[in-house]
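For reference, the structure discussed in these notes is given below.
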2 protein chains.
Amino acid sequence: MKLSTRGRYGLKAMFQLALHFGEGPIPLNVIASQQELSENYLEQIFSVLRKVGLVKSVRGAQGVYMLAKHHKNITVGNILRVLEGDMAPVYCVTDDNSSCHREEKCVTRLVWKKMKDSINSVIDSITLQDMVEEQKEIEKANKSVGGF
Amino acid sequence: MKLSTRGRYGLKAMFQLALHFGEGPIPLNVIASQQELSENYLEQIFSVLRKVGLVKSVRGAQGVYMLAKHHKNITVGNILRVLEGDMAPVYCVTDDNSSCHREEKCVTRLVWKKMKDSINSVIDSITLQDMVEEQKEIEKANKSVGGF
DNA sequence: ATGAAAACCTAGTAATGTGGTTGGAATTGA
DNA sequence: TCAATTCCAACCACATTACTAGGTTTTCAT
């Protein structure tokens, strides 16, 4: 029951983009080195994010990535579902479930359903903007106690 | 972000034990064939469940497994945490987290924490008894519409 | 124009985890 | 005593993960 690196790296990188939203877009190698990730690997992740319209890119020298829309309109759920697939604990409660002939009569399925709904309700309620604001709070708190 | 078969099979099997709580214990091969699972594989799962005290066993011919305590006192969370490990979406919010030098200052960590808490709150709120009662409800509903 | 820097793309690959199987030993009721 | 069952340890094939490698394309700066 663990997320893969795709979801983890992807969210972290998107959060970085959101943090520097006003200050112009960022090339990928900067994000990669900030987060100590492989640039090539992060590229693959961003390729997916771009194709679903969560980020935009500018090609060529001085090329960059940027959020495709305001970070208040991007939720953690948007990102994770793209990178991890349907956020369901078992396949029989995914959106594209074709299997599971027992369907409704299965009580364990109800349990999985509750887990799924709970997970999605959390990740859909957190936007990148929420995270940015939280970050600013933390920085402020640290500064007021003398930093570090 | 999927459960492994261990968690899925384990919960289903424990649910079977709970369903037949009054009617005496059940040998593993019965459960295995009911759920169409490998008996040997299920044994490995029950070995773990026994060692943590969720089930008891009787050895020898006519050997059986039974719940170690009343099914109202066993939650889905009890079972899943044993079979899947800490139900956290990433390692940095597991109980035995030794890594993650950033610790408190990390906003994404707060997101993972919320996911973890949400998941655990769901699975800890459902007991095997709840599932048994739900099953009885379903059966009753089916019967009253003419069965099948 | 040209070179460098970046996005973009595809294939391969080592390590790890998953989901078992195999084959037995120990225990005990009939 | 034998058959049924729990118990145990090792092994194994396959899939997935988390990359790396090595390019192609695009575009800016000079």
Side-chain angles (χ1 to χ4, degrees), chain A residues 1-14 16-17 24-68 80 82-86 89-91, chain B residues 1-14 17 24-68 80 83-86 89-91 94 99:
Chain A
M1 255 307 263
K2 291 283 183 289
L3 286 172
S4 71
T5 52
R6 286 163 59 89
R8 299 205 320 267
Y9 296 178
L11 180 60
K12 281 210 162 193
M14 290 290 281
Q16 284 294 321
L17 285 186
I26 314 175
L28 206 56
N29 57 48
V30 173
I31 299 178
S33 65
Q34 275 175 355
Q35 308 281 345
E36 293 177 0
L37 305 177
S38 145
E39 189 183 341
N40 273 332
Y41 189 43
L42 205 52
E43 264 176 14
Q44 291 174 28
I45 294 170
F46 268 73
S47 166
V48 179
L49 292 172
R50 187 177 51 81
K51 279 166 188 162
V52 299
L54 284 173
V55 300
K56 283 185 299 190
S57 63
V58 174
R59 299 194 65 174
Q62 281 72 47
V64 283
Y65 281 102
M66 64 204 87
L67 298 183
L80 290 185
V82 162
L83 296 175
E84 297 283 333
D86 206 327
V90 309
Y91 289 107
Chain B
M1 254 308 261
K2 291 283 183 289
L3 285 173
S4 71
T5 51
R6 287 164 58 89
R8 300 206 318 269
Y9 295 178
L11 179 60
K12 282 211 163 192
M14 289 292 280
L17 286 186
I26 315 174
L28 207 56
N29 58 48
V30 174
I31 299 178
S33 66
Q34 273 175 356
Q35 309 281 345
E36 292 176 359
L37 306 177
S38 147
E39 189 184 338
N40 275 328
Y41 189 43
L42 206 52
E43 266 175 13
Q44 291 175 30
I45 294 170
F46 267 74
S47 166
V48 178
L49 292 171
R50 188 178 51 80
K51 279 166 188 164
V52 300
L54 284 173
V55 300
K56 283 184 299 189
S57 63
V58 173
R59 299 193 65 175
Q62 280 71 47
V64 284
Y65 282 100
M66 65 204 87
L67 298 182
L80 291 185
L83 296 175
E84 297 283 335
D86 207 327
V90 309
Y91 289 107
T94 52
S99 52

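Please read these numbers as outputs of a predicted model, since none were measured by experiment. Chain identifiers are assigned alphabetically (A, B, ...) following the order of the sequence lines, protein sequences preceding nucleic acid strands; residue numbering begins at 1 within each chain.
Atom OG1 of Thr5(A) sits about 6.0 Å away from atom CD1 of Ile45(A), to the nearest 0.5 Å. The CD atom of Glu43(A) sits 9.5 Å away from atom CG of Asn29(A), with the distance rounded to the nearest 0.5 Å. Interatomic distance, NZ of Lys12(B) versus CD of Glu36(B), reported as 9.5 Å (0.5 Å rounding).
Between Tyr9(B) and dG20(C) there is a side-chain polar atom (N or O) within less than 4.0 angstrom of OP1 or OP2. Contact annotation: Tyr41(B) does not reach the phosphate of dC12(D) (side-chain N/O to OP1 or OP2, under 4.0 Å). Put simply, Ser38(B) has no side-chain N or O that comes within less than 4.0 Å of OP1 or OP2 on dG19(C).
At least one side-chain heavy atom of Met1(A) sits less than 4.5 Å from a side-chain heavy atom of Met1(B). Under the 4.5 Å side-chain criterion, counting only non-hydrogen atoms from C-beta, Ile26(B) is not in contact with Gln34(B).
For Asp86(A), the side-chain contact (heavy atoms from CB on, under 4.5 Å) partners at least two apart in sequence or on another chain are Ala88(A), Thr94(A), Asp95(A), Lys116(A). A search for side-chain contact (heavy atoms from CB on, under 4.5 Å) contacts involving Gln44(A) returns Tyr41(A), not counting sequence neighbours. Considering only residues two or more places apart in sequence or on other chains, Ser4(B) meets the side chain to side chain donor-acceptor pair (under 3.5 Å) condition with Glu84(B). The side-chain contact (heavy atoms from CB on, under 4.5 Å) search around Leu37(B) returns Tyr9(B), Gln35(B), Leu42(B), not counting sequence neighbours. In this structure Ser38(A) satisfies the side chain to side chain donor-acceptor pair (under 3.5 Å) test with no other residue, sequence neighbours excluded.
Residue contacts shown for Tyr65(B) are limited to sugar-phosphate atoms, with no base heavy atom under 4.0 Å away.
At a non-hydrogen distance threshold of 4.0 Å, Arg59(B), Gly60(B), Ala61(B) from residues 50-61 of chain B come into contact with DNA chain C. Scanning residues 1-8 of chain B for heavy-atom distances under 4.0 Å to DNA chain D yields an empty list.
When the P atom of dG17(C) is taken as reference, atom CD of Glu84(B) falls 14 Å away, rounded to whole Å. Rounded to an integer number of Å, the gap from Asn29(B) CG to dA4(D) C1' is 9 Å. Rounded to whole Å, the distance from CD1 on Ile45(B) to P on dC8(D) is 16 Å. Leu37(A) has its CG atom 15 Å from the C1' atom of dT17(D), to the nearest Å. Remark: P of dT18(C) and CG of Leu83(B) are 13 Å apart, rounded to the nearest angstrom. Separating the CG atom of Leu42(A) from the C1' atom of dT20(D) is a distance of 15 Å, rounded to the nearest angstrom. As a whole-Å value, the separation of Tyr91(A) OH from dA15(D) P is 13 Å. Leu28(A) has its CG atom 14 Å from the P atom of dC9(C), to the nearest Å.
Summarising the geometry of Arg8(B) relative to Val90(A), their closest heavy-atom pair is CD-CG1, 3.2 Å, with the distance given to 0.1 Å. Leu49(A) approaches Met14(A) most closely through the heavy-atom pair CD1-SD, 3.8 Å.
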Kindly list each side-chain donor-acceptor pair under 3.5 angstrom involving residues 53-65 of chain B, sequence neighbours excluded, with atom names and distances?
none

**Q.** side chain to side chain contact (heavy atoms under 4.5 Å, CB included) evaluation trace for Leu83(B) with Leu3(B)
**A.** CA-CA 10 Å; Leu83(B) 296 175; Leu3(B) 285 173; over 6 Å; no
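The terminal axes of the helix from dA1(C)-dT30(D) to dA30(C)-dT1(D), fitted over 5 pairs per end, subtend an angle of 10° to the nearest 10°.
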Return the polar atom pairs (N/O with N/O) between nucleotides 21-23 of chain D and the protein under 3.5 Å, or none.
| residue | atom | partner | partner atom | Å |
| --- | --- | --- | --- | --- |
| dA21(D) | N7 | Asn40(A) | ND2 | 3.4 |

